[in-house]
Number of protein chains: 2
Amino acid sequence: MAYPTVSAGPGPARPGLPDDPLARAAAPTPGCPVEVALDALRGRWTTLVIRELLRGTHTFGELAAALPDLSDKVLTDRLHRLAATGVVHRDRAPGWPTTVSYRLTARGQALGPVLQALWEWGAAD
Amino acid sequence: MAYPTVSAGPGPARPGLPDDPLARAAAPTPGCPVEVALDALRGRWTTLVIRELLRGTHTFGELAAALPDLSDKVLTDRLHRLAATGVVHRDRAPGWPTTVSYRLTARGQALGPVLQALWEWGAAD
DNA sequence: CAGCATCCATTCAGATACTG
DNA sequence: CAGTATCTGAATGGATGCTG
């Protein structure tokens, strides 16, 4: 075989890409881990919202203030989507007017190295 | 400050996210390295095309055969986009009918670890 | 404060048919 | 063989106005 593991170089086969049997999908499937991750990051503003939350817990209003050009509708959408994928945790405080704070879950924190890898690739010439 | 570097834990500040001064953008910008990387990976089928090329050089027809449900139009679009972002190199052989082969550039090979990071995050419960 | 409802412009991907 | 051209439907994102 001429190209047993092009991506890994001369080392042993690594789990994941492109050696993993799951990496044989002939079409995009929602179960593919890469698809799962890219889906979690998908959408304009998504990574900026995550970046703000990597710096700490924020309320909806604080996020809106940090990203002034992001509309309420899209911010709501992003936070709901991130909650659905288990990246953020939503905490509604009792009282009036309601304040809602968002923080990253452990899974969300784990996105740090992923974003780091993306950053490093994008920053390289 | 309560949250100097949530993502990095107790270690020293790392370059990149979220400590890098460039990571202060208040809106999505094409120059942000994370945007650059996600833009390179954006679009349905894109990562599958890259995965095939991680296994070695392929002609247009080989890629089409490996991904039978991917239309010519979208495959062309993906390859052109990947060439524009410096991920793949296009090599048109002389003669008729023309055969065109594609291989990853060094920059394209460098996507291996990035996809690996995405895979690992997506595969984790 | 933290959203939801509605409308609209743009982008995207798949299907089909044709060409250097 | 390796594309290009055109069309259509679906998804996306922004603006505006209203509500628990």
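By convention in this document, chain letters (A, B, ...) are assigned in the order of the sequence lines, proteins followed by strands, and residues within each chain are numbered from 1.
- Look at CG on Asp69(B): it is 8 Å from P on dA15(C), rounded to the nearest Å.
- For dG13(D), the base has a donor-acceptor partner in the side chain of Lys73(A) [N/O atoms by modelled type, under 3.5 angstrom].
- Side-chain N/O atoms of Arg42(A) include one lying less than 4.0 angstrom from OP1 or OP2 on dT12(D).
- At a threshold of 4.0 angstrom between heavy atoms, the contacts of Ser71(A) with the nucleic acid are absent.
- Nearest-nucleotide positions on DNA chain D place Thr59(B) closer to the 5' end than the other of Trp45(A) and Thr59(B).
- dG3(D) atom P lies 4 Å from atom OH of Tyr102(B), rounded to whole Å.
- OP1 or OP2 of dA11(D) has not a single side-chain nitrogen or oxygen of Arg81(A) nearer than 4.0 Å.
- Taking only side-chain nitrogens and oxygens, Arg92(A) never comes nearer than 4.0 Å to OP1 or OP2 of dG3(C).
- When rounded to the nearest whole Å, the span between CG of Leu82(B) and P of dG3(D) equals 13 Å.
- Of the candidates dC1(C), dG3(D), dA2(C), the closest approach to any side-chain atom of Phe60(A) belongs to dA2(C).
- Atom-to-atom, CG of Leu63(B) to C1' of dC1(D) comes out at 13 Å; the value is rounded to the nearest Å.
- The CG atom of Asp72(B) sits 17 Å away from the P atom of dG20(C) (whole-angstrom rounding).
- The two residues Tyr102(A) and Arg90(A) come nearest to each other via the heavy atoms OH-NE, 3.1 Å.
- For the pair Leu48(A)/Val34(B), no side-chain contact is recorded, criterion being any heavy-atom separation below 4.5 Å from C-beta on.
- Contact annotation: Arg78(A) reaches the phosphate of dG13(D) (side-chain N/O to OP1 or OP2, under 4.0 Å).
- Under the 4.5 Å side-chain criterion, counting only non-hydrogen atoms from C-beta, Leu63(B) is not in contact with Leu70(B).
- Between Glu35(A) and Thr47(B), the closest side-chain pair of non-hydrogen atoms falls below 4.5 Å.
- Taking only side-chain nitrogens and oxygens, Arg44(B) comes nearer than 4.0 Å to OP1 or OP2 of dG14(C).
- Between Arg90(A) atom CZ and dC1(C) atom P there is a gap of 16 Å when expressed in whole angstrom units.
- Residue Trp96(B) is in base contact, counting any heavy-atom pair closer than 4.0 Å across all strands shown.
- Asp77(B) places its CG atom 7 Å from the P atom of dA13(C), with the value rounded to the nearest Å.
- Rounded to whole Å, the distance from CD on Glu62(A) to P on dG3(C) is 13 Å.
- When each of Leu67(A), Leu75(A), Ile50(A), Asp77(A) is paired with Trp45(A), the side-chain contact (heavy atoms from CB on, under 4.5 Å) condition holds for Leu67(A) and for no other.
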